[in-house]
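In this text, all values refer to a predicted model and were calculated from it rather than measured experimentally.
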Amino acid sequence: MSGSLRRGRRTLADIPPRIAVRRTYKLYVGGAFPRSESGRSYPVTSSAGVHLANAAQASRKDVRDAVVAARKAFPGWSGRTAYNRGQVLYRIAEMMEGRRAQFAEEVAAAEGVSAARAQALVSATVDRWVHYAGWADKIGQVRGGVNPVSGPFLNLSQPEPTGVAGVLAPTGSTLLGLVAVLAPLITSGNTAVLVASERAPLPAITLAEALATSDLPAGVANILTGRLAELAPPLAGHADVNALDLAGAGTLATELETLAATTLKRVLRPTEDDWNDPDPGLSRISPFLETKTVWHPIGR
């Protein structure tokens, strides 16, 4: 090979450092990832104060859009067989399992825990999806049944989903706590509009990406990021929202309860954290179920 050709060949050492591909975090509404209609974003930092990314800052209009998407998805999702809903939830667990490293990295940065602890939290989150996937086709058997009545009647009680639920995700448990409040809602056929942790929303949006690539229908789970004080009141007062989980409401809980009362919503008040309980049972499913009772005459 001639000297001129050797001089013209480039090696990896000659290539300048590449520019990192920075992620753009958006909302998750109706199965898509739109920017906030206001065009706003806000900085997200780690627990140590290191800048991680910018997240979309949702507006009241985004809340309304998310409720519309959840309402549109409700008939189809609640109308599926319980067994099929369980299959979909299990598929979400599979998708999360395939992205363990990313989830663990984001949880460690958001919550300031060790890598080993972050991995344990991700494992517990995946297990929580599997837990509720198993409950999907058993809720009716546990909460429903034949009632003893006097007369030539058959009396049956059957649990049904409440409808569209607003959820305020816990602020301290950015992934496990979020799934612990979201999964039980959709297990029974409800659809949800969830406001992610204001301080640490990145695990929630990564979860949204897993939901989007699973079999979960568009609109069943909608995830908003932004200021809790801006998003929670319009969600609590929205007339087409049937229930409200105040897990992450903090000092806004009383105000939001008052707003929810104007439209007779079911409200689950903030309770002691049960995120680390590996067997929460029906404690977070039951509050968002209605009981339908059917009377039917029988012959003698």
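Pairing each heavy atom of Arg100 with each of Ser123, the nearest pair is NH2-OG, 2.8 Å. Among all heavy-atom pairs drawn from Ala82 and Ala136, the shortest one is CB-O, 3.2 Å. Counting all heavy atoms, side chain and backbone alike, Gly281 lies closest to His131 at N-NE2, 3.8 Å. Heavy-atom minimum distance, Ala218 versus Ala73: O-CB, 3.4 Å. Contact detail for Asn222 and Ala66: the closest heavy-atom pair is ND2-O, 3.7 Å. Ala204 approaches Leu178 most closely through the heavy-atom pair CB-CD1, 3.3 Å.
In this structure, Arg35 places its CZ atom where only 12 or fewer heavy-atom neighbours from other residues, nucleotides or ligands lie under 6.0 Å away. Atom NE2 of His296 is surrounded by 12 or fewer heavy atoms from other residues, nucleotides or ligands within 6.0 Å. Residue Arg60 qualifies as open at atom CZ: its count of foreign heavy atoms under 6.0 Å is 12 or below.
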Side-chain donor-acceptor pairs of residues 246-260 under 3.5 Å, sequence neighbours excluded:
residue	atom	partner	partner atom	Å
Glu257	OE2	Arg269	NE	2.8
Thr258	OG1	Thr254	O	3.1

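Asp245 pairs with exactly one of Leu194, Val267, Leu268 by the side-chain contact (heavy atoms from CB on, under 4.5 Å) rule, that one being Leu268.
Although no hydrogens or angles enter the test, the distance criterion places a donor-acceptor pair under 3.5 Å between the side chain of Arg266 and the main chain of Pro287. Although no hydrogens or angles enter the test, the distance criterion places a donor-acceptor pair under 3.5 Å between the side chain of Arg71 and the main chain of Asp240. Without hydrogens or angle criteria, Thr191 side chain to Ala70 main chain gives a donor-acceptor distance under 3.5 Å.
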(message) Set out, in order, the CA-CA distance, both residues' side-chain angles and the distance that settles side-chain contact (heavy atoms from CB on, under 4.5 Å) for Ile205 and Lys26, then state yes or no.
(response) CA-CA 7 Å; Ile205 297 302; Lys26 301 177 184 178; over 6 Å; no
(request) Would you check, one step at a time, whether the test side-chain contact (heavy atoms from CB on, under 4.5 Å) holds for Arg117 with Leu121? (result) CA-CA 6 Å; Arg117 175 59 178 164; Leu121 289 171; 3.5 Å; yes
(request) Quick one: do Arg227 and Glu198 satisfy salt bridge (Lys or Arg N to Asp or Glu O under 4.0 Å)? Show the steps, please. (result) CA-CA 6 Å; Arg227 306 303 183 191; Glu198 177 179 332; 3.2 Å; yes
(message) Using side chain to side chain donor-acceptor pair (under 3.5 Å), reason through Thr171 and Arg199 one step at a time and then give a plain yes or no.
(response) CA-CA 7 Å; Thr171 57; Arg199 184 192 63 79; over 6 Å; no
(request) Apply salt bridge (Lys or Arg N to Asp or Glu O under 4.0 Å) to Glu37 and Lys61, showing your working. (result) CA-CA 7 Å; Glu37 62 83 26; Lys61 175 63 164 54; over 6 Å; no
(request) Would you please test Leu282 and Leu289 for side-chain contact (heavy atoms from CB on, under 4.5 Å) and show each step? (result) CA-CA 10 Å; Leu282 295 176; Leu289 291 174; over 6 Å; no
(request) Apply the test side-chain contact (heavy atoms from CB on, under 4.5 Å) to residues Val193 and Leu235: give CA-CA distance (whole Å), side-chain angles for both, the deciding distance (0.1 Å), then the verdict. (result) CA-CA 8 Å; Val193 176; Leu235 185 61; 4.0 Å; yes
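The side-chain heavy atoms of Tyr90 and Val130, taken from C-beta on, include a pair separated by under 4.5 Å. Trp77 places a side-chain heavy atom less than 4.5 Å from the side chain of Val88. Side-chain contact between Phe103 and Leu175 is present, with at least one heavy-atom pair separated by less than 4.5 Å. With a 4.5 Å cut-off on side-chain heavy atoms, Val146 and Leu156 count as touching. Using a 4.5 Å heavy-atom threshold, the side chains of Tyr42 and Ser36 count as separate. Side-chain contact check for Trp135 versus Pro184: every heavy-atom pair is 4.5 Å or farther apart. Contact annotation: the side chain of Val195 approaches that of Leu228 to within less than 4.5 Å [non-hydrogen atoms, C-beta and beyond]. At least one side-chain heavy atom of Leu211 sits less than 4.5 Å from a side-chain heavy atom of Ile223.
Distance check, rounded to the nearest 0.5 Å: CG of Asp279 to CZ of Arg128 gives 9.0 Å. In this structure, the separation between CZ on Phe74 and CG on Asn190 is 6.5 Å, given to the nearest 0.5 Å. With rounding to the nearest 0.5 Å, the separation of CD in Gln119 from CD in Glu105 is 10.5 Å. Remark: Ile298 CD1 to Asn155 CG distance equals 10.5 Å, nearest 0.5 Å. Expressed to the nearest 0.5 Å, how far CD of Gln57 lies from CG of Asp62 amounts to 10.0 Å. Considering OG1 of Thr187 and CG of Asp137, their distance stands at 11.0 Å, rounded to 0.5 Å.
Residues Thr174 and Glu111 have side chains that bring a donor and an acceptor to within less than 3.5 angstrom of each other. Thr263 and Lys265 share a side-chain donor-acceptor pair at under 3.5 Å. Under the 3.5 Å distance criterion, with hydrogens and angles disregarded, a donor-acceptor pair is assigned to the side chains of Ser157 and Asn147. Looking at Ser59 and Arg40, their side chains never bring a donor and an acceptor atom within 3.5 Å of each other. Counting only N and O atoms by type, the side chains of Arg85 and Ser188 include no donor and acceptor under 3.5 Å apart.
Under the 4.5 Å side-chain contact rule for hydrophobic residues, Ile139 and Val142 share a cluster. There is a path of hydrophobic side-chain contacts, each under 4.5 Å, that joins Val179 to Val167. In this structure, Val181 is not a member of the same hydrophobic cluster as Leu224, with clusters built from ILVMFWY side-chain heavy atoms closer than 4.5 Å. Cluster annotation: Tyr132 is connected to Leu185 through the hydrophobic network of ILVMFWY side chains, with a link wherever side-chain heavy atoms come within less than 4.5 Å. In the hydrophobic clustering of ILVMFWY residues, with side-chain heavy atoms under 4.5 Å counting as a link, Val107 and Leu182 come out together.
Applying the ring pair (Phe, Tyr, Trp, His ring centres under 6.0 Å) rule to Phe288 yields no partners; only residues at least two apart in sequence or on another chain are considered.
Between Trp295 and Phe153, the ring planes lie perpendicular to each other; the angle is over 60°, past the 30° to 60° tilted range.
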